[in-house]
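Some notes on the structure that comes next.
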Amino acid sequence: MKAALKLPETETAVTELLVRLRAQVAKAEARIRQRPFAVHPSLLPVLGESGLKPGAAYVLETSGSLLHALLAEPSQEGHWCGVVGLPTFAAEAAQLAGVRLDRLVLVPEPAEQWLAATAALAEVVPVLAVRPFGRVRESDAARLMSRLRDRGSVLLVVGDWPRAEARFTLTEPRWHGLGNGHGRLAGRELQVGVTSRRYPAGRSARLVLPSSNGRIAAVESAAPQLRVAG
């Protein structure tokens, strides 16, 4: 079952919370390879890397299916994940995408304390998703990224973030499953794009996100059509 946390108000309470989380996370994390964090095979050509880099920040436009997909692979490997500042985070949809709710920590509404909450979780949780509350100052981002590098954690940001490693975009959506006034939605096909430090011109691919089972999938290529000569 996922853990929903209310941010402590005192320094002592924060320290006690971190001790409890370390006890739960350290044993499992000690057995898991930390570099890099896995991504779904269909995203590898778009990302242009073997996974998500520890100590890096990745920017997403929305907090929906793509976020679930990026959390799912590390979660399936046994990593703990934390989600900060996303009160509408769809836990059931995340579970369908492959996120393990028994290794998920939620801080739904930290408001102005979002940075403190994220920094505290970065001490013990290796995969973090956050929606910043207001504009992010360069100095605050730099301090948090320094902590992430020290801990080998990765940050998924819904919104904007200074000096992000890469930015994901979703365009040209098309839903499948609806007929002429009937049917049910069975999957959404869209263009997933990534611009990054390594590939500033960007890379993209057509993917199904989510598919009928709630997960990400490559678009199946249509069978080649035979052309009659003569």
Side-chain angles (χ1 to χ4, degrees), residues 5 7 34-40 43 46-49 51-75 79-91 93-94 97 99 103-171 190 192-200 202-204 209 216:
L5 302 182
L7 191 65
Q34 296 264 343
R35 289 179 168 74
F37 291 100
V39 298
H40 192 274
L43 282 171
V46 188
L47 185 61
E49 304 279 356
L52 301 176
K53 295 180 180 179
Y58 295 83
V59 169
L60 290 69
E61 294 179 329
T62 66
S63 60
S65 300
L66 180 59
L67 176 59
H68 299 160
L70 291 173
L71 291 174
E73 297 300 317
S75 181
H79 289 294
W80 279 69
C81 301
V83 178
V84 180
L86 292 168
T88 59
F89 182 79
V99 177
R103 292 181 181 270
L104 179 65
V105 180
L106 299 180
V107 186
E109 299 185 71
E112 292 88 351
Q113 296 187 69
W114 71 269
L115 186 61
T118 306
L121 286 178
E123 293 289 328
V124 290
V125 176
V127 183
L128 292 167
V130 60
R131 184 195 294 274
F133 186 86
R135 182 176 175 273
V136 181
R137 295 183 298 183
E138 286 268 0
S139 57
D140 290 336
R143 282 193 293 270
L144 180 58
M145 296 312 298
S146 177
R147 181 168 298 190
L148 292 172
R149 286 190 293 270
D150 288 343
R151 301 298 180 184
S153 301
V154 67
L155 187 67
L156 305 173
V157 183
V158 180
D160 199 14
W161 192 262
R163 303 180 185 180
E165 180 69 27
R167 297 173 183 271
F168 287 84
T169 58
L170 303 177
T171 57
L190 40 67
V192 179
V194 176
T195 56
S196 64
R197 294 180 179 181
R198 185 173 179 181
Y199 300 103
R203 300 160 72 94
S204 66
L209 180 67
I216 188 171

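We use all heavy atoms of the structure for the numbers below, so side chains are in, but hydrogens, waters and symmetry mates are not.
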For residues [X] and [Y], determine if any side-chain heavy atom of one lies less than 4.5 Å from a side-chain heavy atom of the other.
X	Y	value
Leu155	Thr118	yes
Ser75	Leu104	no
Leu170	Val192	yes
Leu47	Leu52	yes
Pro162	Val136	yes

Donor-acceptor pair, distance only, cut-off 3.5 Å: does the side chain of [X] make one with the backbone of [Y]?
X	Y	result
Ser146	Ala142	no
Arg198	Glu165	no
Tyr58	Lys53	yes

Considering all heavy atoms, the nearest [X]-[Y] contact:
X	Y	value
His79	Pro126	ND1-CG, 3.8 Å
Pro54	Phe37	CG-CE1, 3.9 Å
His68	Val99	O-CG2, 3.7 Å
Ala72	Ala97	CB-O, 3.2 Å
Arg197	Arg163	NH2-O, 2.7 Å
Leu148	Ala122	CD2-CB, 3.9 Å

Out of curiosity, [X] [atom1] to [Y] [atom2], how far, rounded to the nearest 0.5 Å?
X	Y	atom1	atom2	result
Leu156	Leu128	CG	CG	8.5 Å
Ser153	Leu144	OG	CG	9.0 Å
Asp140	Met145	CG	CE	13.0 Å
Leu106	Cys81	CG	SG	10.5 Å
Glu109	Phe133	CD	CZ	10.0 Å
Arg131	Thr62	CZ	OG1	8.5 Å

Side chain to side chain contact (heavy atoms under 4.5 Å, CB included) between Leu43 and Leu70, intermediate numbers included: CA-CA 9 Å; Leu43 282 171; Leu70 291 173; 3.9 Å; yes
May I have the step-by-step check of side chain to side chain contact (heavy atoms under 4.5 Å, CB included) for Phe89 and Leu67, ending in yes or no? CA-CA 10 Å; Phe89 182 79; Leu67 176 59; 4.1 Å; yes
Give the intermediate values and the outcome of side chain to side chain contact (heavy atoms under 4.5 Å, CB included) for residues Val105 and Val124. CA-CA 11 Å; Val105 180; Val124 290; over 6 Å; no
Using the salt bridge (Lys or Arg N to Asp or Glu O under 4.0 Å) rule, take Glu123 and Arg147 through it: C-alpha gap first, then chi angles, then the decisive distance, then the call. CA-CA 8 Å; Glu123 293 289 328; Arg147 181 168 298 190; 3.3 Å; yes
Output, in order, the C-alpha distance, side-chain angles, deciding distance and verdict of side chain to side chain contact (heavy atoms under 4.5 Å, CB included) for Val130 and Trp114. CA-CA 8 Å; Val130 60; Trp114 71 269; 3.7 Å; yes
